[in-house]
Amino acid sequence: MTFHVHRCILAAASPFFHDMFSLPQNPAVTHKVPVVPMSETKDTLGTLLEFVYPVEDPPIQSLDELVSILGAAAKYDFLGVIDTLRKFLVAPHFVEADPTRVYAIASRFELEEEARIASKYTLSIQILDAPLSEDLKYITAYSYHQLLDLHRRRANAAVALLRFSPDIKCLQCNGSTFSLYAIPKWWYQFEKLAKEELSVRPTSDVIFGIGFLAQVAMASECQRCAGSILDSWKFLQALKDSIDKLPATI
């Protein structure tokens, strides 16, 4: 398929085309419209040109589509298009649905800020169970190790923050003189389950949720521990804030 485009627009949008059109032309063919063969598909080139021309940006429906257009934009030095696609890449519907792939794409095209943004979203998933993406073929071992190291360091730091406060009491667990200074049963369960969760998803999203805390209360097998958990909301909020303050990007 042939696209008829304006030389001045391509030259203004791309140093690649600016330099190419600046080269001396063969006098024998100067009267003809120059033809530039391109290996990309018509869909990729059509969408790419929509981003280049001063018209409304087209929608990007999938990461597959975004990768093909971003690859062409990088190949031909369409710097403005690359800047626009960087915003598309970390749009919520992409980075929340598949943060590992977004991270791989950003690393592949050396988009450092977008890689940092995506790395934070990967904390909410089990990184080793993430779907295998073709984009991982194009990133370095260093970039992937950075992601694994982020998860490891943050998990260790979060677990280290799980320290009991002696101010926490349970009417049943601490109901006698002999058990006044005992640790409520729910804390043992919370610590155990939280460590398991943080080891695979080093974020506070799960362990302070109602469902998780209800599981902790049931596992404690104490009728009053649920009330103790509710009474400890300030302590739990402070603990959550401490975990949330940990470094969250590569």
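A quick note: this is a predicted structure, and the numbers were derived from the prediction, not measured.
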- [ ] Check the pair R108, L70 against side-chain contact (heavy atoms from CB on, under 4.5 Å), reporting the backbone distance first and the verdict last.
- [x] CA-CA 11 Å; R108 172 183 175 182; L70 181 57; over 6 Å; no
Open item on the list: Does M218 have more than 12 heavy atoms from other residues, nucleotides or ligands lying within 6.0 Å of its CE?
Closed with: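 Open: at most 12 neighbouring heavy atoms sit under 6.0 Å from CE of M218.
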- [ ] Would you indicate whether I210, at its atom CD1, is surrounded by more than 12 heavy atoms from other residues, nucleotides or ligands within a distance under 6.0 Å?
- [x]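 Not more than 12 within 6.0 Å, no.
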Side chain to side chain, [X] and [Y], heavy atoms closer than 4.5 Å:
X    : Y    : value
Q223 : Q172 : yes
V200 : D129 : no
V216 : I207 : no
S228 : I168 : yes
S39  : K75  : yes
C225 : C173 : yes
I9   : L49  : no
F164 : P184 : yes

Open item on the list: Going by the rule side chain to side chain donor-acceptor pair (under 3.5 Å), which residues pair with S143 if we only count those two or more places apart in sequence or in a different chain?
Closed with: T140
Task: With sequence neighbours excluded, residues passing side chain to side chain donor-acceptor pair (under 3.5 Å) with R116 - done: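 With neighbours one apart ignored, the set is E113.
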Distance-minimising heavy-atom pair for [X] and [Y]:
X    : Y    : answer
R154 : L246 : NH2-O, 3.5 Å
A130 : T100 : CB-OG1, 3.6 Å
P247 : L150 : O-CD1, 4.0 Å
L162 : A194 : CD1-CB, 3.9 Å
L85  : L66  : O-CD1, 4.2 Å
L123 : A248 : CD1-O, 3.6 Å

Task: Exercise: do K234 and S165 side chains pair donor with acceptor under 3.5 Å - done: no
Task: Common cluster, L193/I183, ILVMFWY with side-chain heavy-atom separation under 4.5 Å - done: yes
TODO: Using the rule that two of Ile, Leu, Val, Met, Phe, Trp, Tyr join whenever any of their side-chain heavy atoms come within less than 4.5 Å, decide whether V52 and M38 are in one cluster.
DONE: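 Yes, V52 and M38 fall within the same hydrophobic cluster.
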TODO: Anything under 30° is parallel, anything over 60° is perpendicular, the rest tilted; go ahead and classify F190 against F212.
DONE: perpendicular
TODO: Just grab all the ring pair (Phe, Tyr, Trp, His ring centres under 6.0 Å) pairs involving residues 230-250, residues at least two apart or on different chains.
DONE: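 Qualifying pairs: W187-F235.
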Open item on the list: Going by ring pair (Phe, Tyr, Trp, His ring centres under 6.0 Å), name the pairs with one or both residues in residues 76-121, residues two or more places apart or in two chains.
Closed with: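 Only F16-Y76, F17-Y76, F17-F78, F51-F88 qualify under ring pair (Phe, Tyr, Trp, His ring centres under 6.0 Å).
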- [ ] Only pairs at least two apart or in different chains count here, so list each salt bridge (charged side-chain N to carboxylate O under 4.0 Å, His left out) that has a residue in residues 77-105.
- [x]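 Non-adjacent pairs meeting salt bridge (charged side-chain N to carboxylate O under 4.0 Å, His left out): D64-R101, R86-E114, R101-D135.
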Nearest 0.5 Å please: distance from the [atom1] atom of [X] over to the [atom2] atom of [Y].
X    : Y    : atom1 : atom2 : value
L89  : T84  : CG    : OG1   : 12.5 Å
L147 : I139 : CG    : CD1   : 8.0 Å
K185 : R224 : NZ    : CZ    : 13.5 Å
E40  : T47  : CD    : OG1   : 12.0 Å
K245 : S204 : NZ    : OG    : 12.5 Å
K120 : T122 : NZ    : OG1   : 11.5 Å

- [ ] Please step through side-chain contact (heavy atoms from CB on, under 4.5 Å) for the pair V102 and I117, ending with a clear verdict.
- [x] CA-CA 9 Å; V102 170; I117 292 172; over 6 Å; no
Open item on the list: Quick check against the 3.5 Å criterion: does S119 have a side-chain atom that pairs as donor or acceptor with the backbone of I250?
Closed with: yes
Task: Partners meeting salt bridge (charged side-chain N to carboxylate O under 4.0 Å, His left out) with E110 (sequence neighbours left out) - done: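 In terms of salt bridge (charged side-chain N to carboxylate O under 4.0 Å, His left out), with neighbours along the sequence ignored, E110 is linked to no residue.
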